[in-house]
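Worksheet for the structure shown next.
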Amino acid sequence: MDNPLETSPQAQARITAKAKEMWEADGRPGCGPQAYAEQASELIGMESNPDAGQIPVDSPVPLDANGQPIEQAWLEENLGNPGGSQDELDDRREVPFATRQEEEDALKNQ
């Protein structure tokens, strides 16, 4: 299998020609066509694979109507009261329940 990071002699020749074309279009500055090689390489890559980057990627988390991530309530459990007996909130749950069933079971057991 060919290494996709290595350019073939044909691709290198296209890059060199494109760099020279860009250098001449800019009025032949003193830097020479070698300074345009990176830009030319990117343009040749875009020309040879025009559909790259067009495949949509699904979000790993669900999104709301505005495109903002919707996090599950249980993600917040670590951020509440650390526990102990310092105030009346120690025995209360400080974040919403992850499911309705979990909420219903907790309320029955109180």
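Here, residue 1 is the first one in the sequence, and each next residue gets the next number.
In this structure, the side-chain hydrogen bond (donor to acceptor under 3.5 Å, both in side chains) partners of Gln10, at least two apart in sequence or on a different chain, are Ser8. With sequence neighbours excluded, the residues satisfying side-chain hydrogen bond (donor to acceptor under 3.5 Å, both in side chains) with Glu24 are Arg28. Residues satisfying the side-chain hydrogen bond (donor to acceptor under 3.5 Å, both in side chains) test with Gln54, not counting sequence neighbours, are none. Evaluation of the side-chain contact (heavy atoms from CB on, under 4.5 Å) rule for Asp64 yields Asn66, Gln68, Ile70 as partners, not counting sequence neighbours.
Atom CG of Asn49 sits about 13.0 Å away from atom CD1 of Ile44, to the nearest 0.5 Å.
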What pairs of donor and acceptor atoms, side-chain ones from residues 11-22 against any protein atom, are under 3.5 angstrom apart with sequence neighbours left out?
unit_1 : atom_1 : unit_2 : atom_2 : d
Gln12  : OE1    : Thr7   : OG1    : 3.2
Arg14  : NH2    : Glu47  : OE1    : 3.4
Thr16  : OG1    : Gln12  : O      : 2.9

Donor-acceptor pairs under 3.5 angstrom involving side-chain atoms of residues 33-41: please list them, not counting sequence neighbours.
unit_1 : atom_1 : unit_2 : atom_2 : d
Tyr36  : OH     : Asp26  : OD2    : 2.6

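The nearest pair of heavy atoms linking Pro69 to Val61 is CB-CG2, 3.7 Å.
Between Glu104 and Lys108 there is a salt bridge, since a side-chain N of the basic residue sits under 4.0 Å from a carboxylate O of the acidic one.
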